[in-house]
Amino acid sequence: MATTAVIDEKEKRNLWGGGAEPLRASYGKLMMWFFLLSDALSFSGLLITYGLSRFAHNAYTGKIADFVPSGNYWPVPEKVFTHIPFTHNPYPLVFVGIMTFILIMSSVTMVLAVEAGHRMDKEEVLKWMLWTIIGGAAFLGCQAWEWTIFIVGDKGRMIADGTTFFGANLHHNEYGPTLFADLFFFITGFHGTHVLSGVIINMIVFYNVAIGTYERVGHYEMVEKVGLYWHFVDLVWVFVFTFFYLV
């Protein structure tokens, strides 16, 4: 018992003296968690704003099949996001579901890259990080296509002065209130910027893995740190998907 007490006192002195790792997390991982916490607050504010705006507007109360876009009520996602490349028939929310699947699978490949890093398996880390980068790039390509369709429009909507406009921008919105388009562009664009940043960072880490930087250091902790960021981006998309496409 006395020996244990002496050890405890030494540990306390070491903690107060600095240089200790809280919860055995390195400085780099701890700072990444701090960053993700602050970023989570940013996304929370944006999504709460969307939720308040959504429920402050009138909701469409008729049958979904009879939905006609109007500035008087919030649009129905099933009638807005219906396009799939190379097809002409409407498939409500199918394409955004594919986007979501791609991003979630990229999170799985990132997990496998981190696990391979723990085993110091360079080839496996390279393989799974490459798939993660491909998944992120594919998601960005899908989002760019979805934005294009959203901006170009489909059937158009007539406004008070008798003119018809198509698609959506920051001044007009074919699908409903202009605020819907504003929030769509800002929130999905903000998330897309995070995905783009993640892809670029993953490419840098991939290069460092390829040239043996982390083998010389003796660990692949950097892969784990970028993995935390990538999982956060994937998790945020689940909330964005729920707010925009399901609520």
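Computed from a prediction, not measured in an experiment: that's the story for all the values here.
For the atom pair CD1 (I133) and CD1 (I204), the distance works out to 10.0 Å, reported to the nearest 0.5 Å. For the atom pair CG (N208) and CZ (R216), the distance works out to 9.0 Å, reported to the nearest 0.5 Å. With rounding to the nearest 0.5 angstrom, the CD1 atom of I134 is 4.0 Å from the CG atom of L130. Rounding to the nearest 0.5 Å places CD of E215 at 9.0 Å from CG of D121. Taking CG of N58 as the reference point, atom OG of S70 lies at 9.5 Å (rounded to 0.5 Å). Here the CG atom belonging to D234 is positioned 10.5 Å from the OH atom belonging to Y229, to the nearest 0.5 angstrom.
Atom CZ of F185 sits in a crowded spot, with more than 12 heavy atoms from other residues, nucleotides or ligands closer than 6.0 Å. Residue W145 places its CH2 atom among more than 12 non-hydrogen atoms of other residues, nucleotides or ligands, all under 6.0 Å distant. Environment of CZ in F35: crowded, with over 12 heavy atoms of neighbouring residues, nucleotides or ligands closer than 6.0 Å.
Taking hydrophobic clusters as Ile, Leu, Val, Met, Phe, Trp and Tyr residues chained together by side-chain heavy-atom distances below 4.5 Å, I98 shares a cluster with L246. Linking ILVMFWY residues whenever their side-chain heavy atoms come closer than 4.5 Å, directly or via other members, leaves V199 and I104 in distinct clusters. Residues I151 and V80 share a single hydrophobic cluster, defined by chaining ILVMFWY side chains whose heavy atoms lie under 4.5 Å apart. When hydrophobic clusters are built by joining Ile, Leu, Val, Met, Phe, Trp and Tyr residues whose side-chain heavy atoms come closer than 4.5 Å, directly or via intermediates, F101 is not grouped with V111. In this structure, V195 is not a member of the same hydrophobic cluster as V238, with clusters built from ILVMFWY side-chain heavy atoms closer than 4.5 Å.
Counting all heavy atoms, side chain and backbone alike, N169 lies closest to T178 at O-CG2, 4.4 Å. Here the closest heavy-atom approach between residue T109 and residue W128 is recorded as O-CB, 3.3 Å. The shortest heavy-atom contact between W237 and V96 is CZ2-CG2, 4.0 Å. Of all the heavy atoms in A59 and R54, the pair that sits closest is CB-NH1, 4.0 Å. Annotation for P75 and G176: closest pair CD-CA, 4.3 Å, computed over non-hydrogen atoms. Heavy-atom minimum distance, A210 versus K122: O-NZ, 3.0 Å.
Looking at Y175, its side chain does come within 3.5 Å of a backbone N or O of F150 through a donor-acceptor pair. Under a 3.5 Å cut-off, the side chain of K225 and the backbone N or O of G28 do not form any donor-acceptor pair. A donor-acceptor pair is defined here as one N or O able to donate and one able to accept, closer than 3.5 Å; no such pair exists between the side chain of T213 and the backbone of V209. Proximity of a side-chain donor or acceptor of T132 to a complementary backbone N or O of M110 within less than 3.5 Å is detected. Judged purely by atom type and a 3.5 angstrom limit, T82 has no side-chain atom pairing as donor or acceptor with the backbone of K79. With hydrogens and angles disregarded, a donor-acceptor distance shorter than 3.5 Å links the side chain of Y60 to the backbone of K63.
A donor atom on one side chain and an acceptor atom on the other are not found under 3.5 Å apart for S106 and W131. Between the side chains of D39 and H194, at least one donor N or O lies within less than 3.5 Å of an accepting N or O.
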Notebook entry, point to check: Which is it for W147 and Q143 under the side chain to side chain donor-acceptor pair (under 3.5 Å) test, yes or no, and what are the steps along the way?
Noted result: CA-CA 6 Å; W147 267 45; Q143 190 170 52; 5.3 Å; no
Item checked: From CA spacing to verdict: side chain to side chain contact (heavy atoms under 4.5 Å, CB included), L103, W230 -> CA-CA 10 Å; L103 198 60; W230 194 255; 4.2 Å; yes
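Aromatic ring centres of F81 and F95 lie farther apart than the 6.0 Å criterion allows. Aromatic rings of F180 and W74 (six-membered ring for Trp) have centroids within the 6.0 Å cut-off, being under it.
V125 has its side chain out of reach of F206: every pair of non-hydrogen atoms, C-beta onward, lies at least 4.5 Å apart. Side-chain contact between V205 and M129 is present, with heavy atoms from C-beta onward closer than 4.5 Å. Considering only heavy atoms from C-beta on, H219 stays 4.5 Å or farther from Y214 through its side chain. In this structure the side chain of F186 never reaches within 4.5 angstrom of the side chain of Y50, judged on heavy atoms. Looking at heavy atoms from C-beta onward, H191 lies in side-chain contact with F43 at the 4.5 angstrom threshold. Residues L112 and K127 are not in side-chain contact: their nearest non-hydrogen atoms beyond the backbone lie 4.5 Å or more apart. Using a 4.5 Å heavy-atom cutoff, the side chains of L36 and M32 are in contact. The closest side-chain heavy-atom distance from I102 to M99 is not below 4.5 Å.
Across L183, L46, L47, a single residue satisfies side-chain contact (heavy atoms from CB on, under 4.5 Å) together with F243, and that is L47.
The aromatic rings of Y245 and F184 sit perpendicular, their planes meeting at an angle over 60°, well past the 30° parallel limit.
Using a 4.0 Å cut-off between a side-chain N of Lys or Arg and a carboxylate O of Asp or Glu, E115 and R119 qualify as a salt bridge.
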